[in-house]
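Working notes for the structure below.
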Amino acid sequence: QVQLVESGGGLVQAGGSLRLSCAVSGRTFSSYAMGWFRQGPGKEREFVAAISRIGGSIVYADSVKGRFTISRDNAKNTVYLQMNSLKPEDTAVYYCAADPRSLGRVVVTISRYDYWGQGTQVTVSS
């Protein structure tokens, strides 16, 4: 069983920044593609960003391109999401997820991710 723990959420004014972290248990972190998803009030969970095993492939949702940056440090078993120029519509619970079936590629389909963290709340005030 893979354990994922998100941190770094909080309350920020529009235009501000936050950096989310996701710590992953075990020694096989580098074999997983990693993704960030979010779920706003009354909305379905949606894809935000994903990164391949060693970081060579990255995909972003159109809504966050140019504002968010995903990265990973395999030596620390951690994936990050740097969020800049935050908007009220970014308000959501942010989830970290792992895709153990990836062969160096990344996908945006929720069903492909087998392991999930409990989420961290991000609230952006206008």
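Basis for what follows: all heavy atoms, side chains included, without hydrogens, waters or symmetry-related copies.
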Checklist entry - Can you list the steps and then say if Asp73 with Thr78 is a side-chain hydrogen bond (donor to acceptor under 3.5 Å, both in side chains)? => result CA-CA 5 Å; Asp73 186 338; Thr78 302; over 6 Å; no

Checklist entry - Are the side chains of Val108 and Val59 in touch, meaning some heavy atoms are under 4.5 Å apart? => result yes

Checklist outcome for this item: Here the gap from Cys22 atom SG to Phe29 atom CZ, rounded to the nearest 0.5 Å, amounts to 7.0 Å

Checklist entry - Is Tyr113 linked to Val48 within one hydrophobic cluster, defined over Ile, Leu, Val, Met, Phe, Trp and Tyr using a side-chain heavy-atom separation of less than 4.5 Å? => result no

Checklist entry - Rounded to the nearest 0.5 Å, how far apart are OG1 of Thr91 and NZ of Lys43? => result 9.0 Å

Checklist entry - Are Ile58 and Leu20 co-members of a hydrophobic cluster defined by side-chain heavy atoms under 4.5 Å apart? => result yes

Checklist outcome for this item: Between the CD atom in Glu89 and the OG atom in Ser63, the distance rounded to the nearest 0.5 Å is 9.0 Å

Checklist entry - Taking the side chain as C-beta and beyond, is there a heavy-atom pair between Leu18 and Gln82 under 4.5 Å? => result no

Next on the checklist: Would a single hydrophobic cluster contain both Tyr115 and Trp36, if residues Ile, Leu, Val, Met, Phe, Trp and Tyr are joined by side-chain heavy-atom contacts under 4.5 Å?
Outcome noted: yes

Item to check | Side-chain donor or acceptor of Arg112 paired with backbone N/O of Pro100 under 3.5 Å | outcome: no

Next on the checklist: Could you tell me if the side chain of Arg38 sits less than 4.5 Å from the side chain of Val93, heavy atoms only?
Outcome noted: no

Checklist entry - For the side chain of Glu6 and the backbone of Cys96, is there at least one donor-acceptor N/O pair under 3.5 Å apart? => result yes

Next on the checklist: Any side-chain to backbone donor/acceptor pair from Ser30 onto Thr28? Under 3.5 Å, distance only.
Outcome noted: no

Checklist entry - Under 6.0 Å from the six-membered ring centre of Tyr95 and within 45° of its axis: does the NZ or CZ of Arg45 meet both? => result yes

Next on the checklist: Do Tyr94 and Met83 have side chains that approach each other closer than 4.5 Å (heavy atoms only, starting at C-beta)?
Outcome noted: yes

Checklist entry - Considering residues, nucleotides and ligands other than Arg105, do more than 12 of their heavy atoms fall under 6.0 Å from its CZ? => result no

Item to check | Partners meeting side-chain hydrogen bond (donor to acceptor under 3.5 Å, both in side chains) with Ser125 (sequence neighbours left out) | outcome: none

Item to check | Shared hydrophobic cluster, Val12 / Leu81 (ILVMFWY, side-chain heavy atoms < 4.5 Å) | outcome: yes

Item to check | Gln121: side-chain hydrogen bond (donor to acceptor under 3.5 Å, both in side chains) partners, not counting sequence neighbours | outcome: Thr123

Checklist entry - If every non-hydrogen atom of Asn77 is compared with every non-hydrogen atom of Asn74, which pair is closest and at what distance? => result OD1-O, 3.2 Å

Checklist entry - What distance do Ser7 atom OG and Arg19 atom CZ have between them, rounded to the nearest 0.5 Å? => result 10.5 Å

Item to check | Side-chain (Ser21) to main-chain (Tyr80) donor-acceptor, under 3.5 angstrom | outcome: no

Next on the checklist: Applying salt bridge (Lys or Arg N to Asp or Glu O under 4.0 Å) as the test, list every pair that has at least one member in residues 53-63; sequence neighbours left out.
Outcome noted: Asp62-Lys65

Item to check | Pair Phe37 + Phe47: ring centers closer than 6.0 Å | outcome: yes

Checklist entry - Between the side chain of Asp99 and the main-chain N/O of Ala33, is any donor-acceptor distance below 3.5 Å? => result no

Checklist entry - Counting N and O atoms only, with roles assigned by atom type, does the side chain of Tyr60 sit under 3.5 Å from a partner on the main chain of Ile70, one being a donor and the other an acceptor? => result yes

Item to check | Intermediate values then yes/no, side-chain contact (heavy atoms from CB on, under 4.5 Å), Asp90 and Arg67 | outcome: CA-CA 11 Å; Asp90 294 318; Arg67 300 189 298 120; 2.8 Å; yes

Next on the checklist: Are Val106 and Leu4 connected into the same hydrophobic cluster when the rule is that any two of I, L, V, M, F, W, Y join if their side-chain heavy atoms are below 4.5 Å apart?
Outcome noted: no

Item to check | Whether over 12 other heavy atoms sit under 6.0 Å from Gln118 CD | outcome: no

Next on the checklist: Rounded at 0.5 Å granularity, tell me how far OG1 in Thr69 sits from CG in Asn84.
Outcome noted: 6.5 Å

